[in-house]
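Not measured: the values here are computed from a predicted model.
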Amino acid sequence: IAFLQFVHDFDKYLFKQVQTLDRNTLSLTNYTFDIFGLEYGLPLITGSKICLSSINSVSETEIATSYIIQQTPSTLLQLVNKFPNSLSNCLCLVGGEALQNLIAKELYKAFKHVFNVYGPAETVIWSTTSQICDLDNIHIGSPLFNENVYVLDDHGTPVPIGVVGELHIAGAGVARGYLNMEE
């Protein structure tokens, strides 16, 4: 249920942000990686199409018939380098690795919309997102649907803004425990 709710809520979130119903997705992700769930789920619930490919075999035609591309920063940079003039009508979801400023600038120049997304494996795909509009202020963004994020110190106390701490995520999309381990 959490997965289906996430995909449905992410669809509504995207529409609110970019005002388009286009959910045609180019999947460059191995089907065993959790983010693949969004790549098949979003087109499935919206009647859109998914194009399965890989960074090594992707074609310009596959890009031209897709609107959403989701991948790690390093893989998206490879895509930009391979097809520098073919991505301007696409939206990218970039996550799975820290987004460095130099890569963010390249993605911002190449894609129509860039969303930095973050979510550890213990959550349903993504937990936070930030649309990149200001290259001087790149961050993981705000919590998504039915989740909260907190930056806490070693004692579990919230730290002030700008102070280093550990990120804690709470809410409906967080796993309750690990297989064969007590909760």
Side-chain angles (χ1 to χ4, degrees), residues 1-100 102-133 135 138 140-141 144-145 147 173:
I1 292 176
F3 168 73
L4 183 58
Q5 188 65 54
F6 171 82
V7 173
H8 178 73
D9 288 345
F10 204 87
D11 178 52
K12 288 192 297 189
Y13 169 80
L14 281 181
F15 181 76
K16 183 179 176 186
Q17 299 302 312
V18 299
Q19 301 294 304
T20 183
L21 295 174
D22 190 346
R23 297 295 182 263
N24 290 336
T25 301
L26 173 61
S27 175
L28 304 175
T29 304
N30 185 298
Y31 70 92
T32 62
F33 193 24
D34 64 341
I35 69 171
F36 179 74
L38 184 62
E39 293 174 0
Y40 79 80
L42 197 55
L44 186 64
I45 70 163
T46 60
S48 301
K49 72 172 192 158
I50 179 173
C51 177
L52 301 174
S53 192
S54 73
I55 191 61
N56 297 321
S57 63
V58 66
S59 71
E60 218 159 341
T61 302
E62 292 171 327
I63 293 169
T65 60
S66 301
Y67 180 68
I68 297 171
I69 303 172
Q70 170 183 249
Q71 238 333 297
T72 62
S74 55
T75 301
L76 285 168
L77 184 59
Q78 287 179 53
L79 192 65
V80 168
N81 290 334
K82 228 173 157 174
F83 302 100
N85 302 311
S86 300
L87 302 163
S88 62
N89 291 320
C90 297
L91 173 151
C92 83
L93 301 172
V94 56
E97 301 170 355
L99 179 57
Q100 304 301 318
L102 291 174
I103 295 176
K105 288 176 185 175
E106 293 301 315
L107 299 179
Y108 187 78
K109 287 189 294 188
F111 286 91
K112 183 173 187 174
H113 301 284
V114 179
F115 289 85
N116 191 22
V117 289
Y118 171 78
E122 295 83 5
T123 65
V124 177
I125 307 175
W126 303 123
S127 294
T128 68
T129 188
S130 171
Q131 184 172 6
I132 298 188
C133 300
L135 291 170
I138 297 170
I140 64 169
L144 288 167
F145 339 103
E147 291 188 20

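Legend: residues meeting side chain to side chain donor-acceptor pair (under 3.5 Å) with Asn30, ordered by chain and number and at least two apart, are Thr32. Evaluation of the ring-ring contact (aromatic ring centres under 6.0 Å, His included) rule for Tyr108 yields no partner, not counting sequence neighbours. When the ring-ring contact (aromatic ring centres under 6.0 Å, His included) test is applied to Phe10, the partners found at least two apart in sequence or on another chain are Phe6, Tyr13. Checked against salt bridge (charged side-chain N to carboxylate O under 4.0 Å, His left out), Lys112 has no partners two or more places apart in sequence or in another chain. Thr65 pairs by the side chain to side chain donor-acceptor pair (under 3.5 Å) definition with Lys49, not counting sequence neighbours.
With hydrogens and angles left out, the side-chain atoms of His113 and Gln131 include a donor and acceptor closer than 3.5 Å. In this structure, a donor-acceptor pair under 3.5 Å is present between the side chains of Ser74 and Glu97. Judged purely by distance below 3.5 Å, without hydrogens or angles, the side chains of Thr123 and Glu147 never pair a donor atom with an acceptor atom. No side-chain donor-acceptor contact under 3.5 Å links Glu39 and Thr25.
Evaluated for a side-chain contact (heavy atoms from CB on, under 4.5 Å) with Tyr67, the options Leu21, Leu26, Thr20 yield exactly one hit, Thr20.
Between Cys90 and Ile68 there is no side-chain heavy-atom pair separated by less than 4.5 Å. Using a 4.5 Å cut-off on side-chain heavy atoms (C-beta onward), Leu107 and Ile132 make no contact. Leu38 is listed as a side-chain neighbour of Leu93, based on a closest heavy-atom distance under 4.5 Å. Here the side chains of Thr75 and Leu79 are not in contact, with every heavy-atom distance at 4.5 Å or above. Here the side chains of Val94 and Val117 are not in contact, with every heavy-atom distance at 4.5 Å or above. With a 4.5 Å cut-off on side-chain heavy atoms, Phe111 and Asn89 do not count as touching. When side chains are defined from C-beta on, Tyr118 does not count as touching Thr129, because their heavy atoms never get closer than 4.5 Å.
The heavy-atom pair separating Pro120 from Ser127 by the smallest distance is CD-OG, 4.4 Å.
Within the structure, the salt bridge (charged side-chain N to carboxylate O under 4.0 Å, His left out) test picks out the following pairs touching residues 5-19 (sequence neighbours left out): Asp9-Lys12, Asp11-Arg23.
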field: Check against side-chain contact (heavy atoms from CB on, under 4.5 Å), Leu102 and Leu77
entry: CA-CA 10 Å; Leu102 291 174; Leu77 184 59; over 6 Å; no
- request: Using the side-chain contact (heavy atoms from CB on, under 4.5 Å) rule, take Ile35 and Trp126 through it: C-alpha gap first, then chi angles, then the decisive distance, then the call.
  value: CA-CA 8 Å; Ile35 69 171; Trp126 303 123; 3.3 Å; yes
message: The test is side-chain contact (heavy atoms from CB on, under 4.5 Å); show your working for Ser27 and Tyr40 and say whether it passes.
response: CA-CA 8 Å; Ser27 175; Tyr40 79 80; over 6 Å; no
